[in-house]
There are 2 protein chains.
Amino acid sequence: MRPTLQTVADAVGVSRSTVSNAYSRPDQLSGDLRDRILSAAADLGYAGPDPTARSLRKRRAGAIGMLFTASLSFAFTDPYAVQYLRGLAEAAEQARTGLLLLPLSDEDESAAVAAVNDAVVDGFCVYCMPDWHPALDAIAARGLPVVSGQRRAGDGPLSAFVGIDEAAATRAAGAHLMALGHRRVAVIGDYLSVAPMIGPTTLASPADVAYYGSRERLRGYQEAFAAGGVDWSTVTTVNVPGNCRRDGAAAAAHLLDRAPRPTAIAALSDIVALGVLDALRARGLRPGRDVSVVGFDDIPEAEAEGLTTVHQPAADRGRRSGELLLNPPTDPADRTVVLPTHLVVRATTGPAQS
Amino acid sequence: MRPTLQTVADAVGVSRSTVSNAYSRPDQLSGDLRDRILSAAADLGYAGPDPTARSLRKRRAGAIGMLFTASLSFAFTDPYAVQYLRGLAEAAEQARTGLLLLPLSDEDESAAVAAVNDAVVDGFCVYCMPDWHPALDAIAARGLPVVSGQRRAGDGPLSAFVGIDEAAATRAAGAHLMALGHRRVAVIGDYLSVAPMIGPTTLASPADVAYYGSRERLRGYQEAFAAGGVDWSTVTTVNVPGNCRRDGAAAAAHLLDRAPRPTAIAALSDIVALGVLDALRARGLRPGRDVSVVGFDDIPEAEAEGLTTVHQPAADRGRRSGELLLNPPTDPADRTVVLPTHLVVRATTGPAQS
DNA sequence: GAGGCGTACTGTATCGATTTAGAGAAGTTC
DNA sequence: GAACTTCTCTAAATCGATACAGTACGCCTC
């Protein structure tokens, strides 16, 4: 049987409380007795107060839970997500708090709900979840502080927002394309359709997209295009199932292998945009000359490959999220943090070639 | 006051146990009563059993703890570490288990010990810690399963090893350099010295290094060099404080800006090796011609830049670690997993120029 | 030597659940 | 109709700690 506080207390002949104090409040007892207690504990193989029992009593877990959209392991393949995690980890570390990455199987939503309900945490951080996901309701029900990068109807007093003005960001990118004279434009993004397929979607309006980020970004493009006289009905939107380079290339194929091909392709993430560049090169097309490409995120690879993109502060987003979660502001106004973004024009955009 | 099982039980007029059963063992009560309980719970804003109390009673946390060497946030800047984490996350996800990243401040060891003692987890995974770190003792004292990539004296029956034959890996790399005729060789690595400085170390023997990985890799080089007739006393070893490209370049400066410079530089990680390449280029020296460079890890960037390096399966290491931790093998022989490595010869190594 | 005060420790209640043994009622079998 | 199941549900014990009120006792003061 594993030794407990009581075991040690019995061995030394003191009360359980005193043994507890020996560990947690050394000033509450004489140094002599404390030494006797600790050495008895060592003899018995007692490793110190059980963290679970302590958490229960203290009503504090010492960790924050992180909920990702796709599978957890996916988070480590996406450079943007890694940066975000890095910022979050910094904030957690600063506060001497752990970071619990919740398992979130893609197939089974109830598993995600169970993960939320079983998480021993003091708060949640939500990265990129579809609005309808039941795990979000489970989080709300837990009654713990939540920070997310997506606004959502019914956000309670414990929830905060740390993010960017997604629509404004793509509005700037779209205006850039319009100014260059592009009129046959297309958009590639993840989670545009519910089904995990690669190909054009039938999307009457950006409002139909279930993911906050993709929806807002799409809306920004819609508005910018409209301002340039391009009706949304003429814009092809292509879905990619995963945020990866290969899928981006495959999606681009749907646009490039049919006439007339678009003169500009906007991708909702850099990874996908880089895939588009791959597809262009595979066809002997020159990015920025034959077809313009815009990304989103500004990951390091984007700079290396000269990708025009929207810069957003990934690590800051994570860090601010963590900070807000760990010391929730009293003033409701401080519960919304909108970080700046800016368009970075590089080599992959240029004047439209008719 | 937050509602508990008792609150709900009182409202419905049943016992606490029955409410518990309504959530955890639906077959133990009539469907009718269960519905009444759940709806009462919903009315009261009760979100279901408290995870901490449940963990205490069940003696299961539903998470595994991850302990990294440097600061937690560092883990997200190192491509190798990210791959490792990805593998670990996959295994955790498969088992529907969370992954708790422990805060581990570099300055304050006692904070790391506290983090270990406060971690509500079912086991620990150790990535790269110095042998002397007190957190390792704290982990051992917890009496939970541990998987690490470093062998350590006093590993108990609950500990397992998943790693590579570090020394054999660098022995192969060293033999490669010897075969190319290099005799003036140097090694750059992190954690070679205790002090976090950039510069040559006074290292009588690889055995003096506190980190398992660096120590073993260094030993492999020592053996390979000895086989080529190069005495260890003629080998300059240079320490880098962080595993980053800039520090690698700065460390290389110590070797390149003095005569005679080495004809080959072995780095204990790819990141550092890439920094060495930067330093070479900054001086107009050609990697593989003027100076040969070898890395370790085989991260994606290594391939892109033509770096000769030792390939090790990063994600596999993480995945196998997770698997071993989540279902500990009964047979002690299965508690040691040594994954294969191989030398990848690319463009940064070539015949020695006298 | 009565009163006041600080130190060092004890004992009990509490945190919020799960588990086990078993009570009581209803139905089944011989 | 006695014996046996089966189905529901309950009471009490348990998990391992912390918080807090309370007590014993020595010391100081006047």
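All chains are named by letter (A, B, ...) in the order of the sequence lines, taking the proteins before the strands, and each is independently numbered beginning at 1. The figures here come from the full heavy-atom set of this structure, side chains too, leaving out hydrogens, waters and symmetry mates.
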Just call it for B:S24: base, sugar-phosphate, or nothing, with non-hydrogen atoms closer than 4.0 Å on any strand.
-> sugar-phosphate

Could you check if a side-chain atom of A:Q150 sits within less than 4.5 angstrom of a side-chain atom of A:V126, using non-hydrogen atoms only?
-> yes

Which whole-number value in Å describes the distance from A:D50 CG to C:dA17 P?
-> 18 Å

N or O in side chain of B:S30 less than 4.0 angstrom from D:dC9 OP1/OP2 = yes

Protein-nucleotide distance (B:Y23, atom OH; D:dC9, atom C1'), rounded to Å = 18 Å

In whole angstrom, give the distance that lies between atom CG of A:N117 and atom P of C:dA17.
-> 12 Å

Classify the ring geometry between A:Y211 and A:Y191 as parallel (under 30°), tilted (30 to 60°) or perpendicular (over 60°).
-> parallel

Give one of base, sugar-phosphate or nothing for A:R16, where a contact means two heavy atoms less than 4.0 Å apart.
-> base

Separation of C:dC15 atom P from B:L5 atom CG, nearest Å, is 13 Å

A:S55 side-chain N/O to D:dA17 phosphate OP1/OP2 under 4.0 Å = no

Does A:S20 make a side-chain N or O approach to OP1 or OP2 of D:dT18 shorter than 4.0 Å?
-> yes

Distance below 4.0 Å between B:S15 side-chain N/O and D:dC9 OP1 or OP2 | no

Grab the CZ-P distance between A:R25 and C:dT7 for me, whole Å please.
-> 14 Å

From CZ of B:R57 across to P of C:dT19 the rounded distance in Å is 6 Å

So what does B:S17 hit on the nucleic acid, given a heavy-atom distance under 4.0 Å: a base, only sugar-phosphate, or nothing?
-> base

Would you kindly give the CZ-to-C1' distance between B:R54 and D:dG16, to the nearest whole Å?
-> 18 Å

A:K58 NZ - D:dC20 C1' separation (whole Å) = 15 Å

Would you please say whether a donor-acceptor pair under 3.5 Å links the side chains of B:N327 and B:E323?
-> no

Using a cut-off of 4.0 Å on non-hydrogen atoms, how would the nucleic acid contact of A:L29 be classed: base, sugar-phosphate, or nothing?
-> sugar-phosphate

Tell me which of B:Q28 and B:R59 sits closer to the 5' end of DNA chain D, going by the nucleotide each one is nearest to.
-> B:Q28

Counting any heavy atom closer than 4.0 Å, what does A:G48 reach on the DNA or RNA strands: base, sugar-phosphate only, or nothing?
-> sugar-phosphate

For A:S110 and A:D108, does a side-chain donor sit closer than 3.5 Å to a side-chain acceptor?
-> yes

Mind checking whether B:F68 and B:F76 have ring centres under 6.0 Å apart?
-> no

